[in-house]
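Naming: A, B, ... by sequence-line order, numbering from 1 per chain.
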Amino acid sequence: MLSLKIIAENPDVIIDRLKVKNFDASAIVERLAGLDSERRQLQAHLDTSQSAFNKLSKQIGTYYQQGKKAEAEEARDRSAGLKEEIKRLSPELADIEARVKELLLQLPNLPHESVPQGKLPEDNLLVRQGGEMPELQPGALPHWELARKYDIIDFELGSKITGAGFPVYKGKAAKLQRSLINLFLDSAARAGYTEIIPPIAVNEASAFGTGQLPDKEGQMYYINEDNLYLIPTAEVPLTNIYRDEILSYKDLPRRLTAYTPCFRREAGSYGKDVRGLNRLHQFDKVEIVEIQHPDRSYETLENMTSYVEGLVKLLGLPYRILLLCGGDMSFHAAKTYDFEVFSAAQQKWLEVSSVSNFESFQSNRMMLRYRDEDGKNIRPAHTLNGSALALPRIMAALLENNQSPEAIHIPPALVPYTGFEAISL
RNA sequence: GGAGAAAUGGCAGAGUGGUCGAAUGCGGCGGUCUUGAAAACCGUUGUUCCGUUACCGGAACCGGGGGUUCGAAUCCCUCUUUCUCCGCCA
């Protein structure tokens with residue numbers, strides 16, 4: 001959510017910048033400006049009436065105490081008009097405020113000035129590429145066939161127990177999955193992130209805070225009876241730790257990491273892109289989150305990106321980093337780097353991480369602020385997060401890229417965790 | 001799931017209808033003292049919105065929402081959360 005103040009002060013800048021996201025903000029901005037001045041006027045009026053009413057009430061109290069019953073009753077009659085006015089104007093103000101909020105929620109975050117204009121994934125900017133492209137032997141199998149061949153991931157069994165998109169990992173794949181999680185968590189801890197085990201169901205306020213609500217409720221599994229949402233990412237509980245908080249500038253940055261299962265309904269996405277592990281309803285992910293001072297958030301974005309790059313390198317996967325164009329970015333992000341690894345048997349780039357700076361977009365929603373060094377100014381902090389990493393597609397690429405006709409080889413960095421060097425028959 | 005108690009500022013904790021945004025203590029910040037620090041003493045210390053934006057003035061907020069009243073932290077209703085006991089249970 002953008003702040004009303006900034007919109008009112010720089011309407012043209014807002015409209016201009018949002019064009020990069022292919023969003024025409026002019027109508028909303030104009031309506032906001034009108035509503036805002038209406039709101040100010042009404043607030044001033046209401047405050048004055050309230051003030052007069054409060055004075056009268058006190059006066060009445062004094063009269064009663066002095067036994068001046070007639071004066072008290074006369075003053076009470078006089079206050080009736082004010083009371084009625086307050087009763088009439090208060091809901092009007094609340095209504096305007098609600099309308100302002102509703103409009104504010106429709107505006108996407110402003111893209112950072114370094115974000116390229118563009119509409120499609122093809123307009124994303126290749127930032128870096130690394131790792132060696134594996135040369136697979138003829139007859140190399142996609143991961144879903146490797147999964148069947150070595151009996152390590154069972155999609156049909158998941159279907160039986162739950163439904164499509166809920167695979168069952170068995171034996172060495174289960175161990176490999178857990179090894180990846182441990183490797184990622186240990187690395188994050190070494191890099192200075194504090195490990196958290198958060199709830200994986202969240203309430204409405206939390207889902208609103210990070211931007212899943214409203215509008216994206218279709219993405220989340222909802223527990224109707226308790227009004228809770230299963231998290232689509234650990235970003236939600238982690239960032240909401242600081243909801244309604246005022247941190248000291250000394251507390252910044254706050255750096256957190258968590259492993260959680262993630263749940264996504266992904267309604268309406270079917271087809272061959274979703275085979276195997278490529279797109280699931282439940283998957284594992286290690287997330288990193290950082291709450292940072294606005295002056296340093298872009299430095300942090302680069303650092304987080306380098307950190308994630310280190311993980312992909314550690315696993316020996318061919319990867320590329322993309323700077324997303326305005327049109328491909330999420331509604332909430334100001335700047336996003338996507339990580340893709342190459343899954344050799346599918347001959348496909350798979351997105352395994354998305355690292356974003358949200359600036360104050362989430363902070364404004366959840367009142368996450370910090371008190372600056374001068375001790376006086378309270379401002380929204382910047383929030384950032386990134387996958388480090390999402391497991392299934394990493395698993396897919398590892399299985400495919402490291403296969404030989406008789407085995408799948410485990411990258412050396414993982415062997416201390418798995419305790420085995422290969423998956424074979 | 002059943003019974004009971006509670007929810008007040010960063011924390012602890014007073015306040016049972018008016019002058020209460022709220023005593024007191026701790027903590028934080030500034031100062032005096034000190035070579036420096038501690039102690040002691042003095043001062044200061046919530047958030048949001050509106051108006052002015054130097055200073056300052058006004059409004060709202062005592063878990064959330066609603067009600068009674070001229071007036072609510074205080075009374076009533078409701079929801080949520082926490083604690084204690086019982087039951088069930090990984």
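- Ring-plane geometry between A:F263 and A:Y221 is classed as perpendicular, the angle between the planes exceeding 60 degrees on a 0 to 90 degree scale with a lower cut at 30.
- Salt bridge absent: A:E102 and A:R31 never bring a charged side-chain N and a carboxylate O closer than 4.0 Å.
- Across the strands present, B:rU68 finds no partner; the criterion is a Watson-Crick or G-U wobble pair with both atom distances under 3.5 angstrom.
- Using a 4.0 Å cut-off between charged nitrogen and carboxylate oxygen, A:E74 and A:R78 count as a salt-bridge pair.
- For A:H293 and A:Y370, the gap between ring centers is short of 6.0 Å.
- A:I378 comes within 4.0 angstrom of the backbone, heavy atoms only, and of no base.
- Judged purely by distance below 3.5 Å, without hydrogens or angles, the side chains of A:E400 and A:Q346 pair a donor atom with an acceptor atom.
- The nucleotide B:rC88 finds no pairing partner, because no Watson-Crick or G-U wobble arrangement with both distances shorter than 3.5 Å includes it.
- In this entry B:rA23 has no Watson-Crick or G-U wobble partner, no candidate having both defining distances under 3.5 Å.
- Both distances falling under 3.5 Å, in either a Watson-Crick or a G-U wobble arrangement, place B:rC29 opposite B:rG43.
- Using a 4.0 Å cut-off between a side-chain N of Lys or Arg and a carboxylate O of Asp or Glu, A:R99 and A:D95 qualify as a salt bridge.
- In this entry B:rU80 has B:rA7 as its Watson-Crick or G-U wobble partner, both defining distances falling under 3.5 Å.
- The residue among A:I60 and A:K55 whose nearest nucleotide of RNA chain B lies closer to the 5′ end is A:K55.
- The residue among A:G61 and A:Q41 whose nearest nucleotide of RNA chain B is located toward the 5' end is A:G61.
- Across all strands shown, B:rC50 is found opposite B:rG57 as a Watson-Crick or G-U wobble partner, with both distances under 3.5 Å.
- In this model, no donor atom of one side chain and acceptor atom of the other lie less than 3.5 Å apart for A:S57 and A:N54.
- If you check B:rU16 for Watson-Crick or wobble pairing at under 3.5 angstrom, you find it has no partner at all.
- No engagement by A:R78 is indicated, since no non-hydrogen atom pair under 4.0 Å with the nucleic acid exists.
- Running 5' to 3' along RNA chain B, contacts with non-hydrogen atoms of chain A at under 4.0 Å begin and end at B:rG18 to B:rG71.
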